[in-house]
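As the structure is a prediction and not an experimental result, all values here were calculated from the model.
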Amino acid sequence: MSIYRSTDPTTWDDVDGIIINESAPAPNVAGVAANIGILVGQAERGLGELTEIGSIGQFFELFGKNDSFGINKSLKNKKFGRLRIIRVVASGAVQAKEEFASSATDRIRFKAKQGKGVFGNAIQVKIEAGSSSGKKYTIKDTTPGSVMSQEVYDNVAIASLAANNVFASSLLIEAEVLSSAAEPDNAAFTALAGGSDGTVADSDYEAAIAKAGVEGAGNFLFLDEYNATRNGYLELHAADTQDKMVILCGLENDSVSTAIADVANYRDVDGRIIYAYPYIQTSINGSLVYQNPASWLASILTQTAPQIDPAFTRNAQFLVGITGLKQVLTRAQYINLKDAGICAFEYDQEIGFKVKSGIVTQIADSSKVTILRRRMADYLTNSVGKFLKNYQNAVNSKDNRSLVKGAIIGFVTSLQNDGILPKDSEVKSGKATLVDTESANTDASIAAGFFKIIWKQRIYSSMRYIVLSAEIGESVVVTEQA
């Protein structure tokens, strides 16, 4: 008789034989990403979907190299960790296309593959006789600064495209067969036509921001260009999704008093909103321009671990592309900005440009004012929450509850060993961690299907206020203290 495999103990004695009860070790908690930025803005091309960028070359291919667009300018003179982009596409934008005919009948239609926009009018198609059969198609992008290679498809029979669309791999066009009764006539390089960027409205930003509403889209959402309406969209997105932070800012010429009055419109209870100030000067193509500070702050956040305060002085290394600030601020102004919940930038002669106070707009709850607190809370709870999916609807037994407790403690221990969380020895009184999987679970709650976990976790604070108490003078006498 063959070996029988089963993890169900009630079937093991059904009949004599060999039963294999194979199981895997209990799952562990794995840390989720905490440094994914999402940039929403305008670009020369792109499909308008959430797209992760792995290199600057890939960015140029997918979104273009035109520095007059907001997304391109936002990437200048700075680096990012992980970055995802959503192109804002105007509702009135049009995709470029062109039909090629024979005997007065359209045979094939080509459209600009990388979305709607005027850029598609620069894509050209040439049709010649195939080397041995069918037609030879040559496609090129004549956009200034284009990094797209010319594409050649030889010996293409229009009747075979339904079964084998050789144009599917194209980065420039998508093809639609209109009639396969005959091949299209030969044609010199012919540009696609009708592509239009349209006029981008605030509502188009709203539609693009909504595409970041999927679980795990990213950790920080910011824009290429801001106004009050778009700030409102970001505030609402943070409240609706509750899984990421958003970076807001005002207008370029806003004074300190204007920024303080404006930030009062963007409070929340979870500390997910950051209001950055002031605008930042940098050089783009040889000209000094002012940019909103959101992309500079996002650059820091995507390149640092969640327990690191963005105002940490060593983060100045990420801001070397800054040449100046729109506003030169006094100590009193920085105090007022901090009290209002504004994350401001400063210039320190010994260090360079840096963040002054890494805070959020939430100022009512003193335990939620720092950006690092929100980042760490998201990192820890999202990591454990993802792990708990392994136990969804599992048997609510003490053994399973103990396995969950052990996995969380193991996760915390690994973070302590990596210096991300403090150990018990770093707490003056009490402990740094408590994981309790029993006391909140009563017979009634277990019967109702609840599994309640109490997790209390101390995280590192940052040295926001360093106080050196010094007594210096000719009459000072130092004695040993018992």
Side-chain angles (χ1 to χ4, degrees), residues 26-36 81 215-216 218-220 238 241-245 268-274 301-302 304-312 357-360 362-392 394 396 398-442 445 450-465:
N28 295 318
V29 180
V32 299
N35 65 333
I36 302 176
E215 182 180 358
N219 306 107
F220 318 100
T241 59
Q242 295 187 326
D243 66 350
K244 65 178 69 69
M245 303 184 78
D268 70 338
V269 297
D270 291 328
R272 297 192 176 278
I273 303 173
I274 307 170
L301 295 175
T302 62
T304 54
Q307 82 277 13
I308 302 299
D309 190 330
F312 182 31
S357 300
I359 56 175
V360 296
Q362 190 289 130
I363 58 176
D365 187 339
S366 61
S367 67
K368 296 181 178 180
V369 297
T370 62
I371 294 172
L372 76 85
R373 205 291 311 184
R374 180 68 269 164
R375 290 190 68 191
M376 281 300 293
D378 281 349
Y379 171 68
L380 295 173
T381 55
N382 288 342
S383 297
V384 172
K386 187 174 182 179
F387 155 79
L388 290 173
K389 291 182 179 181
N390 291 292
Y391 288 88
Q392 180 68 51
N396 197 345
K398 184 174 176 59
D399 284 345
N400 277 340
R401 295 195 296 272
S402 296
L403 287 172
V404 169
K405 178 178 180 178
I408 297 175
I409 291 176
F411 176 58
V412 170
T413 300
S414 68
L415 296 179
Q416 290 174 336
N417 292 335
D418 290 339
I420 297 174
L421 287 177
K423 298 180 179 180
D424 290 345
S425 58
E426 297 181 76
V427 181
K428 295 296 185 180
S429 60
K431 295 185 176 182
T433 305
L434 168 69
V435 180
D436 181 359
T437 57
E438 293 300 325
S439 66
N441 295 289
T442 65
S445 67
F450 286 97
F451 172 29
K452 300 178 182 179
I453 305 166
I454 297 175
W455 181 18
K456 296 183 178 181
Q457 181 63 56
R458 185 182 183 91
I459 63 173
Y460 282 117
S461 62
S462 65
M463 297 180 181
R464 295 183 64 194
Y465 316 106

Checklist entry - What is the distance from atom CG of N35 to atom CZ of F220, rounded to the nearest 0.5 Å? => result 7.0 Å

Next on the checklist: Show the nearest heavy-atom pair for residues A30 and F411, with the distance to one decimal.
Outcome noted: C-CE1, 4.4 Å

Item to check | pair K423-N417: side-chain heavy atoms closer than 4.5 Å | outcome: yes

Checklist entry - Can you find a heavy atom in the side chain of T304 that is under 4.5 Å from one in the side chain of F312? => result no

Item to check | Derivation and outcome, side chain to side chain contact (heavy atoms under 4.5 Å, CB included), residues I359 and I371 | outcome: CA-CA 5 Å; I359 56 175; I371 294 172; 5.6 Å; no

Checklist entry - L388 and V404: side chain to side chain contact (heavy atoms under 4.5 Å, CB included), yes or no, with the steps? => result CA-CA 8 Å; L388 290 173; V404 169; 3.7 Å; yes

Item to check | Among V384, T437, N28, the one residue meeting side-chain contact (heavy atoms from CB on, under 4.5 Å) with I408 | outcome: V384

Next on the checklist: To the nearest 0.5 Å, what is the distance between CG on N441 and CZ on F451?
Outcome noted: 6.0 Å

Next on the checklist: Has Q457 got a side-chain atom pairing as donor or acceptor with I459's backbone, closer than 3.5 angstrom?
Outcome noted: no

Checklist entry - When you measure from the side chain of R272 to the backbone N and O of Q242, does any donor-acceptor pair fall under 3.5 Å? => result yes

Checklist outcome for this item: On a heavy-atom basis, the closest approach of G358 and P310 is CA-CG, 4.0 Å

Checklist entry - Looking only at heavy atoms, which two atoms of N219 and A33 are closest? And how far apart? => result ND2-O, 3.3 Å

Item to check | W455 side chain near V412 side chain, heavy-atom distance below 4.5 Å | outcome: yes

Checklist entry - Quick one: side-chain contact (heavy atoms from CB on, under 4.5 Å) partners of T241, sequence neighbours excluded? => result H237, D243, K244

Checklist entry - Under 3.5 Å, side chain of D309 to main-chain N/O of L372, donor-acceptor pair present? => result no

Checklist entry - To the nearest 0.5 Å, how far apart are CG in D378 and CG in D270? => result 8.5 Å

Checklist outcome for this item: Between the CG atom in D424 and the OG1 atom in T433, the distance rounded to the nearest 0.5 Å is 6.0 Å

Checklist entry - Between K368 (side chain) and V269 (backbone), is there a donor-acceptor pair under 3.5 Å? => result yes

Next on the checklist: Using every non-hydrogen atom in the two residues, find where P422 and A432 come nearest and quote the distance to one decimal.
Outcome noted: O-CB, 3.5 Å

Next on the checklist: One pair to check against side chain to side chain contact (heavy atoms under 4.5 Å, CB included): R374 and I274. What are the steps and the verdict?
Outcome noted: CA-CA 11 Å; R374 180 68 269 164; I274 307 170; over 6 Å; no

Item to check | Heavy-atom donor-acceptor pair, Q392 side chain to K389 backbone, under 3.5 Å | outcome: no

Checklist outcome for this item: With sequence neighbours left out, the residues meeting salt bridge (Lys or Arg N to Asp or Glu O under 4.0 Å) with E438 are K398, R401

Item to check | Contact summary for Y460 and G419, nearest pair of heavy atoms | outcome: CE1-O, 3.5 Å

Next on the checklist: Just so I know, are the side chains of L415 and Y379 near enough to count as touching, which here means a heavy-atom distance under 4.5 Å?
Outcome noted: yes

Checklist outcome for this item: Smallest heavy-atom separation, S383 atom then V32 atom, equals OG-N, 3.0 Å

Next on the checklist: Determine whether R375 and L301 satisfy the following criterion, side chain to side chain contact (heavy atoms under 4.5 Å, CB included), listing intermediate values before the conclusion.
Outcome noted: CA-CA 9 Å; R375 290 190 68 191; L301 295 175; 3.9 Å; yes

Checklist entry - Roughly how far, to the nearest 0.5 Å, is CG of L421 from OG1 of T413? => result 9.5 Å

Checklist entry - When rounded to the nearest 0.5 angstrom, what distance separates CE in M376 from OG1 in T370? => result 10.5 Å

